[in-house]
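Heads up, the thing below is written out as structure tokens.
None of the values given here were measured: they were computed from a predicted structure. Protein chains get the first letters and strands the later ones, always in sequence-line order, with residue 1 at the start of each.
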2 protein chains.
Amino acid sequence: MPMKKPAKESGRRGSATSSVVAGTDAPDASQMPIRGFSRSLPMALLRAREAVMRHFRVPLRAHGLTEQQWRILRALTSFESIEVTELARVAYLLGPSLSRILRDLEERRLIERRTLKADLRRGIVSITPKGLRLIEAVAPSSEAIYAEITRRYGADRLAELQDLLHALETSLADMPLPNGDSVADENDASL
Amino acid sequence: MPMKKPAKESGRRGSATSSVVAGTDAPDASQMPIRGFSRSLPMALLRAREAVMRHFRVPLRAHGLTEQQWRILRALTSFESIEVTELARVAYLLGPSLSRILRDLEERRLIERRTLKADLRRGIVSITPKGLRLIEAVAPSSEAIYAEITRRYGADRLAELQDLLHALETSLADMPLPNGDSVADENDASL
DNA sequence: CGTTTTCATTTAACATGTTAATCATATTTG
DNA sequence: CAAATATGATTAACATGTTAAATGAAAACG
């Protein structure tokens with residue numbers, strides 16, 4: 001059940017996240033509300049990612065590409081053709097986002113689609129020559145930025161960071177999600 | 001000028017499942033396009049963040065909050081009141097997003113707004129008792145999840161990761177953005 | 001074999017990210 | 001002070017994230 005909303009007033013929904021952390025900030029000691037906040041891990045990851053991405057956005061946008069479109073085109077250069085589901089996994093996009101982006105990229109003739117004859121549910125995607133030329137046009141700037149980031153941060157630290165990030169993913173891979181048997185919203189009587 | 005915006009008729013079909021195809025990248029050796037891709041730093045940061053956040057999303061959503069709404073409410077618990085611009089900085093949100101979210105949170109009576117009499121352009125935001133109760137209702141789950149993540153990953157590695165992430169931000173803080181003197185889109189003649 | 005179930009993808013609906021433009025108020029200048 | 005400029009916040013417009021539902025096709029069942 002979708003949980004409507006006239007698109008006018010407020011709205012609910014959501015996703016969510018965030019959290020906590022450890023600490024060295026917070027007012028004093030009366031009762032830290034939750035925890036450091038500015039040291040929350042999701043926030044730290046978000047800030048670090050933005051610090052990196054804001055550099056890549058410039059050349060991408062100059063070529064009319066978003067970050068996600070770039071991820072898809074780049075992934076496609078690694079395969080002669082690839083099924084949509086596999087592409088979603090490789091480019092790390094959710095199905096609905098991928099669907100929309102593929103529609104756009106197809107209209108721009110940067111990719112082509114067909115269906116697997118053996119299973120008409122499955123879509124096969126491949127990059128076009130035009131798409132390849134676009135990739136080649138953007139790649140130099142992209143590589144230069146990556147090189148400068150590596151130079152500034154240090155190749156060693158970068159490798160260590162990548163290791164720690166991957167280890168984090170691995171550590172949480174089999175962590176069960178919470179039950180979610182809680183109240184529905186802030187209008188709950190208990191509030 | 002925004003990006004593009006086709007929107008036409010339907011589209012495709014198909015899909016794909018695991019099975020065949022290669023592992024993660026690189027077809028063979030014909031010409032490695034750009035870089036490992038799956039090793040890109042932005043991707044690693046994105047994946048790590050998602051690995052963490054998907055756990056927090058459950059309890060937040062159960063309380064009708066998105067991650068960003070939670071960040072704002074949590075930030076507000078650290079201040080008696082705060083200016084909108086400062087809140088944007090603390091909660092790490094862009095102005096337009098913050099504007100929309102504040103409108104919603106105000107309608108839900110989770111925050112209150114007024115304007116600074118000395119400068120009518122500036123808005124002042126504060127959390128309501130209802131907002132505080134909501135925070136208190138969500139905090140336990142949030143803390144429990146953070147604790148479990150810390151337990152699995154290790155407090156030491158977590159601290160090291162935070163240090164590396166912060167160092168990355170610092171390293172790139174004064175890196176100049178590219179010039180962006182490139183072509184406008186893929187229809188450029190040079191393609 | 002027809003019905004049910006599963007699967008791959010897309011569409012729907014809403015919230016946020018992102019860049020540009022607009023509005024109102026303040027500040028600076030001529 | 002009036003006009004120009006700067007600043008804080010919001011609105012506009014489009015793209016993506018996110019969850020749920022719908023669609024169409026294949027597999028499982030009975």
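The salt bridge (charged side-chain N to carboxylate O under 4.0 Å, His left out) pairs that include a residue from residues 164-173 of chain B are Arg47(A)-Glu169(B), where partners are two or more places apart or lie in different chains. The stretch residues 82-98 of chain B participates, sequence neighbours left out, in these salt bridge (charged side-chain N to carboxylate O under 4.0 Å, His left out) pairs: Glu83(B)-Arg122(B), Glu86(B)-Arg89(B).
Nucleotide dC14(D) holds its C1' atom 11 Å from the CZ atom of Arg100(B), rounded to whole Å. Rounded to whole Å, atom C1' of dG17(D) lies 16 Å from atom CZ of Arg54(B).
For Arg100(A), the side chain to side chain contact (heavy atoms under 4.5 Å, CB included) partners at least two apart in sequence or on another chain are Ser97(A), Arg103(A). Residues satisfying the side chain to side chain donor-acceptor pair (under 3.5 Å) test with Arg113(B), not counting sequence neighbours, are Glu106(B).
Counting non-hydrogen atoms under 4.0 angstrom, Ile101(A) reaches the backbone sugars and phosphates but no base. Within 4.0 Å of Arg57(A), counting heavy atoms only, lie sugar-phosphate atoms of the nucleic acid but no base atom.
Residue Gln69(A) has its side chain nearest to dT16(D) when only dT19(C), dT25(C), dT16(D) are considered. Side chain of Arg71(A), nearest nucleotide from dT19(C), dG17(D), dT10(C): dG17(D).
Look at Ser99(A) and you'll find a side-chain N or O under 4.0 angstrom from OP1 or OP2 of dT10(C).
Counting heavy atoms of neighbouring residues, nucleotides and ligands inside a 6.0 Å radius, atom CZ of Arg109(A) does not exceed 12 of them.
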Check the interface with nucleotides 2-7 of chain D: list each N/O to N/O pair with the protein under 3.5 Å, or write none.
from	atom 1	to	atom 2	distance (Å)
dT7(D)	O2	Arg121(B)	NH1	3.0

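Members clustered with Leu116(B): Ile124(B), by chain and number, using a 4.5 Å side-chain heavy-atom cutoff among hydrophobic residues.
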